[in-house]
There are 2 protein chains.
Amino acid sequence: MFEEICPSTLLPFRVGTDKWAGMVLRCLEDGPRRYSELRVPLARISPKMLTQSLRGLERDGFVQRTAYERRVTYELTDLGRSLLEPLRLMCAWAEDHWDELLDARES
Amino acid sequence: MFEEICPSTLLPFRVGTDKWAGMVLRCLEDGPRRYSELRVPLARISPKMLTQSLRGLERDGFVQRTAYERRVTYELTDLGRSLLEPLRLMCAWAEDHWDELLDARES
DNA sequence: GAGCGTGGTTACCGATTGGATACCTTGGTG
DNA sequence: CACCAAGGTATCCAATCGGTAACCACGCTC
């Protein structure tokens with residue numbers, strides 16, 4: 001999903017406190033995910049950064065962590081879901097203006 | 001304008017490559033501005049950071065720098081103006097969810 | 001009891017970011 | 001000439017970010 005040189009790192013937007021937070025949010029769009037499930041789409045993230053990113057999102061109230069007997073899940077809170085709208089607009093911007101951005105950056 | 005402890009530094013969004021770029025864009029919303037004019041609303045920015053931020057915005061094609069005889073102005077390009085919509089949505093998000101964000105961060 | 005999967009933590013290190021401060025060049029102005 | 005404003009640069013430093021790699025506790029299975 002985000003494995004190759006992710007275009008999103010070139011975007012002039014950031015959601016959340018660190019580099020990965022936006023991608024984590026997108027991975028949680030469709031429901032709760034386990035720690036190990038998140039590591040699949042975010043193949044290039046280190047466990048340290050994933051933890052750090054999740055802790056930041058939890059601290060800000062965007063993600064809720066729930067520990068069951070033998071598993072832990074992360075899911076978006078209402079507040080976290082409210083970030084998806086701006087996030088999607090940023091993605092829409094990217095689609096519309098990607099070429100212009102690349103052109104500008106090359107010169 | 002952004003002089004006190006600017007709430008925007010606490011926001012979970014960033015526009016542009018560095019911390020200040022979003023604020024610079026907002027200062028250019030209403031037309032061209034000179035370097036020294038930008039330093040007024042952005043009272044806490046150092047000249048180095050203002051230059052760096054403007055150079056980044058210029059490189060990405062969001063801002064155009066024009067040097068006249070005895071003055072330099074910066075103004076938004078069309079591409080730069082296209083960032084204002086997402087930016088405004090982020091500000092709207094902030095107004096709607098500011099309290100929740102603070103609450104979450106306190107605990 | 002050896003090894004495995006889950007969900008992490010810790011230590012270390014280099015690169016990047018951001019801030020403060022001082023300085024510089026060019027062209028006016030008194 | 002001295003000084004000033006504009007539009008920056010240069011230098012130094014501290015803090016933060018992000019990455020690698022190793023380790024760890026728990027419960028399960030073979």
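Throughout, protein chains are lettered first and strands after them, A, B, ... in sequence-line order, and every chain is numbered starting at 1.
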Exercise. Can you run down the ring-ring contact (aromatic ring centres under 6.0 Å, His included) pairs that involve residues 60-93 of chain A, sequence neighbours left out, and say none if there aren't any?
Key: F13(A)-W93(A), W93(A)-H97(A)
Quiz item: Reckon Y74(A) touches a base, only the sugar-phosphate, or nothing at all at heavy-atom distances under 4.0 Å?
Solution: sugar-phosphate
Practice problem: Could you pull out all residues at least two apart from R81(A) that satisfy salt bridge (Lys or Arg N to Asp or Glu O under 4.0 Å)? | Solution: D78(A)
Exercise. Could you pull out all residues at least two apart from Q64(A) that satisfy side-chain hydrogen bond (donor to acceptor under 3.5 Å, both in side chains)?
Key: none
Quiz item: Short question: side chain of T73(A), backbone of P32(A) - any donor-acceptor pair under 3.5 Å?
Solution: no
Quiz item: Residues in side chain to side chain contact (heavy atoms under 4.5 Å, CB included) with A94(A), at least two apart?
Solution: L11(A)
Exercise. Flag the pair L84(A) / L76(A) as yes when at least one side-chain heavy-atom distance between them is below 4.5 Å, and no otherwise.
Key: yes
Self-check item: Residues within residues 49-64 of chain A bordering DNA chain C, heavy-atom distance below 4.0 Å
Solution: T51(A), R55(A)
Quiz item: Under the salt bridge (Lys or Arg N to Asp or Glu O under 4.0 Å) test, which residues partner D96(B), sequence neighbours left out?
Solution: none
Quiz item: What pairs with T51(B) under side-chain hydrogen bond (donor to acceptor under 3.5 Å, both in side chains), at least two apart in sequence or on another chain?
Solution: Y35(B)
Quiz item: Does the side chain of R65(A) get closer than 4.0 angstrom to OP1 or OP2 of dG8(C) through an N or O atom?
Solution: yes
Quiz item: What is the distance from CG of L38(B) to P of dA6(D), rounded to the nearest Å?
Solution: 13 Å
Self-check item: Residues in salt bridge (Lys or Arg N to Asp or Glu O under 4.0 Å) contact with R105(A), at least two apart in sequence or another chain
Solution: D60(B)
Exercise. Kindly write out the residues that satisfy salt bridge (Lys or Arg N to Asp or Glu O under 4.0 Å) with R88(A), not counting sequence neighbours, or none if the list is empty.
Key: E29(A)
Exercise. Just jot down the side chain to side chain contact (heavy atoms under 4.5 Å, CB included) partners of R33(B), sequence neighbours excluded, or say none.
Key: L28(B), D30(B), E37(B), L38(B)
Quiz item: So what does R33(A) touch, heavy atoms closer than 4.0 Å: a base, only the sugar-phosphate, or nothing?
Solution: nothing
Quiz prompt | Summary of protein contacts for nucleotides 20-30 of chain C, nucleotide by nucleotide, where a base hit scores B, a sugar-phosphate-only hit scores S (4.0 Å, heavy atoms) | solution = B-----BS---
Quiz item: What is the distance, rounded to the nearest whole Å, between atom CZ of R71(A) and atom P of dG8(C)?
Solution: 13 Å
Exercise. Return the value, rounded to whole Å, for the distance between atom CG of D18(A) and atom P of dT16(C).
Key: 18 Å
Quiz item: Between dG8(D), dA6(D), dG18(C), which one does the side chain of R34(B) approach most closely?
Solution: dA6(D)
Quiz item: Base, sugar-phosphate, or nothing for R39(B), non-hydrogen atoms under 4.0 angstrom?
Solution: nothing
Self-check item: Five-pair end axes of the helix from dG1(C)-dC30(D) to dG30(C)-dC1(D) and the angle they enclose, rounded to 10°
Solution: 20°
